[in-house]
Amino acid sequence: DVGLEVSALAVGERALAVRREARGDDHPDTVATLSLVGKIQHARGDYESATATFDELLERAERVFGPEHARTWGAKQDRGAVLLQLGRLAEAEAVLRPAVEGLLRTAGESAETTTSAMQTLGVALARQGKNEEAIAQYERVVEIRRRDFGNAHRLTLSALLSLGGRLHDVGRSAEAEAILRESVDTARRVLGDDHPDTLSAMQNLASVLESIIQLDEAEALAAEILDRRREALGPLHPRPLSSLNGLAYTLDGQGRYAEAETLYREAHEGLLLVLGPDHSNTIQCAGNLGYVINQQGRAEEAEPYYRETYESLLRVHGEAHPGTLTAMGNLASLLAQMGELEEAEPLTIRSYEVRRRLLGPSHTSPLHALYTEGNFFIKKGELDVAEPYCEQTLSGYRALDERHIGTLHSLGLVANLRARQGRIEEAESLWREAIERRTDVLGEDHPLTADARAALETLRNAEKATPASE
């Protein structure tokens with residue numbers, strides 16, 4: 001796939017040079033080829049080059065076709081999509097809103113360019129926390145494609161997958177599961193079990209099942225996806241390697257960290273070979289591998305993978321990208337865990353500052369970031385600073401779902417804070433709740449459940465060892 005992208009870019013750039021020379025910069029064929037080159041750059045993850053290309057494209061489209069032409073609005077949609085990838089969310093929204101309205105006027109709502117722009121706007125809105133408005137965009141696309149193509153068409157299935165994923169992200173997991181099950185059943189019946197769109201639908205469903213702790217079914221789906229992709233494409237194709245990462249992630253979610261580590265290592269080595277260190281799949285796999293190594297108590301061995309993930313995302317996407325900010329926070333948390341507070345503190349503060357700048361002072365940071373910041377300040381001993389981060393994390397995850405994996409983690413975070421504050425009864429109560437919920441959701445043998453039992457026992461033993469005050 002990467003080789004094809006490189007070849008396509010070379011051919012596109014050559015065609016663009018030929019058309020510039022033969023027909024001039026403002027000929028419609030030259031403008032069309034410029035659009036193609038920008039799309040290839042975008043697909044390869046070269047967002048800075050794509051931004052420059054789409055800026056030129058928009059200027060030329062306005063001159064050649066006029067500001068109200070569908071091609072001009074399509075160029076604006078392309079530019080907005082790249083701004084989205086760069087993490088420039090408010091700018092992306094400001095470009096995409098008029099692009100959607102312009103495409104509705106000029107191309108009509110049934111045009112694929114129009115529905116694509118609506119979905120891209122939905123992503124920009126969702127990443128800014130405007131979830132209801134984002135979901136409305138996805139639902140509108142599903143409605144249009146069902147009307148125009150029917151339930152079994154590739155474009156309808158793609159729209160359903162996007163809607164299901166967004167509902168899942170905002171905690172509406174039951175709705176997401178129903179939509180994705182429908183998508184998988186339809187894709188199996190119409191396209192066949194081995195079709196790429198069927199396997200993508202199965203992957204999305206597996207992700208939702210993992211989040212609602214239906215782990216056996218999620219594992220079976222992940223294993224089936226891996227087997228089918230390996231059989232069709234071979235073991236060293238990017239898609240089977242990504243599926244291997246997906247199966248490892250499912251085992252990781254069950255606390256089977258040693259098994260997950262083995263699969264992550266195999267996937268990471270293959271992805272490095274096939275896609276290189278800066279591809280998004282390779283970066284994601286490196287972060288996953290670091291996590292399971294750390295979960296097995298080998299923080300120093302995990303650190304290079306955390307650092308690789310952060311530095312790769314910083315190099316590829318820049319500091320303001322959501323993935324970069326998450327990786328920055330993860331590295332800061334690991335360094336704090338290792339006692340490297342001098343390096344951890346500026347990373348934690350920087351992550352918060354960038355999020356505040358991008359999202360505004362009134363926007364609630366993503367719950368994962370709040371967790372990271374709360375955990376850091378606990379380790380630093382600044383408990384009053386940590387308290388609002390920890391409390392917002394737990395209340396936010398509870399609002400999503402009491403059984404959410406974030407809720408199960410956050411109970412432990414707040415329990416740890418209360419113990420450090422000397423509020424022992426509250427800490428014990430939180431650990432008891434954590435044990436009960438983790439046992440119910442994950443099982444009594446899961447490492448997180450065992451950790452909660454051990455923490456409560458340690459707290460009780462410390463209380464017994466402390467002489468009663470006279």
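Bear in mind that the values here come from a model prediction, so they are computed numbers and not experimental data.
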Pair listing, ring-ring contact (aromatic ring centres under 6.0 Å, His included) test, anchored in residues 80-129, at least two apart: none
Qualifying salt bridge (Lys or Arg N to Asp or Glu O under 4.0 Å) pairs with a residue from residues 269-282, counting only residues at least two apart or across chains: Asp278-Arg315
Under 3.5 Å, is there a donor-acceptor pair between the Asn288 and Asn245 side chains? yes
Could you tell me which residues satisfy ring-ring contact (aromatic ring centres under 6.0 Å, His included) with His42, sequence neighbours excluded, listed by chain and number? Tyr47
Can you tell me which residue pairs pass the ring-ring contact (aromatic ring centres under 6.0 Å, His included) test with a partner in residues 96-149, sequence neighbours excluded? Phe149-His153
Greater than 12 external heavy atoms within 6.0 Å of Glu231's CD: no
Across all chains, not counting sequence neighbours, the ring-ring contact (aromatic ring centres under 6.0 Å, His included) partners of Tyr257 are none
Hits for side-chain contact (heavy atoms from CB on, under 4.5 Å) against Thr324, two or more places apart or cross-chain, chain-then-number order -> Tyr310, Leu313, Leu314, His317, His321
Salt bridge (Lys or Arg N to Asp or Glu O under 4.0 Å) against Asp227, all qualifying residues, sequence neighbours excluded: none
Are side-chain N/O atoms of Gln41 and Ser49 paired as donor and acceptor at under 3.5 Å? no
Give a yes-or-no answer on whether the side chains of Lys76 and Thr72 include a donor-acceptor pair shorter than 3.5 Å. no
Not counting sequence neighbours, which residues clear salt bridge (Lys or Arg N to Asp or Glu O under 4.0 Å) with Glu217? List them please. Arg181
Those residues at least two apart in sequence (or on a different chain) that pass ring-ring contact (aromatic ring centres under 6.0 Å, His included) with Tyr291 are none
Is the closest side-chain heavy-atom distance between Arg105 and Glu101 below 4.5 Å? yes
side-chain contact (heavy atoms from CB on, under 4.5 Å) involving Ala134 - partner list, sequence neighbours excluded: Leu125, Ala126
For residues 284-294, which residue pairs qualify under salt bridge (Lys or Arg N to Asp or Glu O under 4.0 Å), counting only residues two or more places apart or in two chains? none
Residues in ring-ring contact (aromatic ring centres under 6.0 Å, His included) contact with Tyr397, at least two apart in sequence or another chain: His404
Would you call the rings of Phe377 and Tyr389 parallel, tilted or perpendicular if under 30° counts as parallel and over 60° as perpendicular? parallel
